[in-house]
Amino acid sequence: MTTPSHFSPDHAVPASQRLFGARDLFSLWFSLGIGLMVLQVGALLAPGLGLSGALLAIVLGTGVGVLLLAAAGVVGSDTGLSAMATLRLSLGGHGARLPAVLNLLQLVGWGSFEIIVMRDAASLLGARTFGEGSAWNSPVLWTLCFGALATLLAVSGPLAFVRKVLRKWGIWLLLGACLWLTWNLFVKADLAALWGRTGDGSLSLAVGFDIVIAMPLSWLPLIADYSRFGQRASRVFGGTALGFFLGNAWLMSLGVAYTLAFAADGETNALLLALAGAGLGIPLLLILLDESENAFADIHSAAVSTGLLVRLKVEHLALAIGVLCTLIALLAPLAQYENFLLLIGSVFAPLFGVVLVDHYLMRCRRMPARVAGLHWPALVAWAAGVAAYHLIAAQAPDFGATLPALLLAGALHALLGVSRGRETARA
């Protein structure tokens, strides 16, 4: 029997199986807004922007990003379709195949990176607690453990995980970890002195904004996989926006402050070592465990994307993809693959500029009368947005390319697709 969590990715979830309320979505997106990578982004912003500049970039970038993310989530709740299935409504049945393949590739890669990040942090904590020669410092052990945990969560599905784990007790542990790290910062750091220190100018505010907004926008190709289980559009929007903004902005700000206050310059894993010294490393351990939820989301959504390409059950695909991600993390050198993943990621911001304009302006949140094989106006607008992204990144790197490419692709789709929008309205 098919469970709600594993409902077919190319069919709409019936209203009776849409169980997520605002609290569920808040718990999910607060959790996904937290992670070791989020802390590391804060560390990246710290030297160039200083505390005040970095906080400004975090608030602006996260604020704009979560509005777009939550709007994409409403597309899932309006249609009941998975993220890649909703692309058929905008790009056409054949046009949606390319982003589905690209999404699968990037999610397998990012799922592997998440396991590597967890492995390295756990090895560091193990070495700090039990010594360098301890079995708890084994990268192979931690790779297998975190790979198995993320795969188990992905196979269980989002409804079981969110309602049985996150909503009941996981969210409280994460809030406790963030509060503990914040308290430790206020007690041990001279925040007034940190606020007065300016950045070294190696990073502009525009680039900082572009780095920050990339975090919420990186979830655009995934969010409908979870919001399609949402009860109402208003709850999907509010729970998603509030949860991700609070988690992402809070933890990224802690990454900035801990780097400036405690991390020794030039020291490898300086931020992790600084965090490990707070509360006997317990808050960092909880955030480390929370990172498995990010890997879960990558693996589950990779399975959902694959389910549009091959006729296999999502839970079986999640098991296979989880094993693949674990093997990649264990065996494959990923240093060069990271650039490929970033290249793939650059196509999704302009793509969802097209999707949002198509759903809200062209179709006014209604399903189309029919889905064609290819919707050329949408494909042309998407291609133009991708080209604009790389042109801006190459010619004006201090300007920031993500938001301009998204807006340009959306505006161009609105211009090219006026006739299609009128036909849909008449239908």
Side-chain angles (χ1 to χ4, degrees), residues 1-14 16-20 24 28 31-32 76 79-88 93-94 96-116 118-119 143-166 219 221-230 291-332 334 337 341 344:
M1 180 177 178
T2 302
T3 64
S5 293
H6 295 127
F7 201 81
S8 175
D10 55 356
H11 290 85
V13 175
S16 62
Q17 295 182 350
R18 300 186 187 186
L19 304 178
F20 280 170
D24 297 304
L28 174 63
S31 170
L32 293 177
T79 62
L81 295 171
S82 66
M84 292 298 106
T86 63
L87 297 184
R88 293 175 174 174
H94 298 311
R97 291 178 180 175
L98 175 60
V101 172
L102 293 176
N103 195 42
L104 171 61
L105 291 174
Q106 75 156 353
L107 290 176
V108 168
W110 288 124
S112 304
F113 269 119
E114 294 285 359
I115 294 171
I116 289 172
M118 291 185 285
R119 173 194 72 196
T143 300
L144 295 175
C145 286
F146 287 117
L149 176 60
T151 302
L152 176 63
L153 294 176
V155 170
S156 69
L159 287 182
F161 171 64
V162 172
R163 296 180 71 83
K164 294 182 179 179
V165 178
L166 269 183
W219 293 101
L222 288 71
I223 185 170
D225 297 339
Y226 310 97
S227 65
R228 63 182 178 145
F229 298 107
E291 193 79 17
S292 63
E293 296 159 21
N294 292 21
F296 139 76
D298 290 330
I299 294 170
H300 174 75
S301 287
V304 172
S305 291
T306 309
L308 295 172
L309 304 171
V310 298
R311 295 296 178 182
L312 292 174
K313 290 184 177 181
V314 171
E315 56 266 41
H316 296 163
L317 291 169
L319 177 61
I321 291 170
V323 171
L324 175 61
C325 289
T326 304
L327 290 175
I328 291 173
L330 194 63
L331 303 173
L334 290 178
Y337 190 49
L341 291 172
I344 292 176

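No experiment lies behind these values; they were computed from the predicted model shown.
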Q. Where do S227 and G76 come nearest, in terms of heavy atoms and distance?
A. OG-CA, 3.6 Å

Q) Run the side chain to side chain contact (heavy atoms under 4.5 Å, CB included) check on W219 and N294 step by step: do they pass? A) CA-CA 10 Å; W219 293 101; N294 292 21; 4.3 Å; yes

**Q.** Atom pair CG/CG of D298 and L222 - distance to nearest 0.5 Å
**A.** 6.5 Å

**Q.** Nearest-0.5 Å distance that lies between atom CG in L327 and atom CG in L144
**A.** 9.0 Å

Q.
Which heavy atom of A224 sits nearest to which heavy atom of S82, and what is that distance?
A. CB-C, 4.0 Å

**Q.** Passing candidate, side-chain contact (heavy atoms from CB on, under 4.5 Å) with V304, options I299, V314, L317
**A.** V314

Q: Look up atom CG in L81 and atom OG1 in T86, then write down how far apart they are to the nearest 0.5 Å.
A: 7.0 Å

Q.
Can you tell me how far apart CD1 (I321) and CG (L104) are? Round to the nearest 0.5 Å.
A. 5.5 Å

Q: Would you mind reporting whether P221 and Q106 have side-chain heavy atoms less than 4.5 Å apart?
A: yes

Q) Which atoms form the tightest heavy-atom contact between A318 and A303, and what is the distance? A) N-CB, 3.5 Å

Q: For D225 and A83, indicate whether the former's side chain and the latter's backbone hold a donor-acceptor pair under 3.5 Å.
A: yes

Q) Where is the tightest heavy-atom contact between S112 and A329, given as atom of each residue plus distance? A) O-CB, 3.8 Å

Q) Is the shortest heavy-atom distance from the side chain of R18 to the side chain of R228 under 4.5 Å? A) no

Q. What is the distance from atom CE of M84 to atom CG of L98, rounded to the nearest 0.5 Å?
A. 10.5 Å

Q: Please work out which of the three classes, parallel, tilted or perpendicular, describes the rings of H300 and Y226, given edges at 30° and 60°.
A: tilted

**Q.** Rounded distance (nearest 0.5 Å) linking atom CZ of F146 with atom CZ of R119
**A.** 11.0 Å

**Q.** For S305 against N103, the heavy-atom pair lying closest together
**A.** OG-ND2, 2.9 Å

Q: Measure across M118 and S292 and return the closest heavy-atom pair with its distance rounded to 0.1 Å.
A: SD-N, 3.3 Å

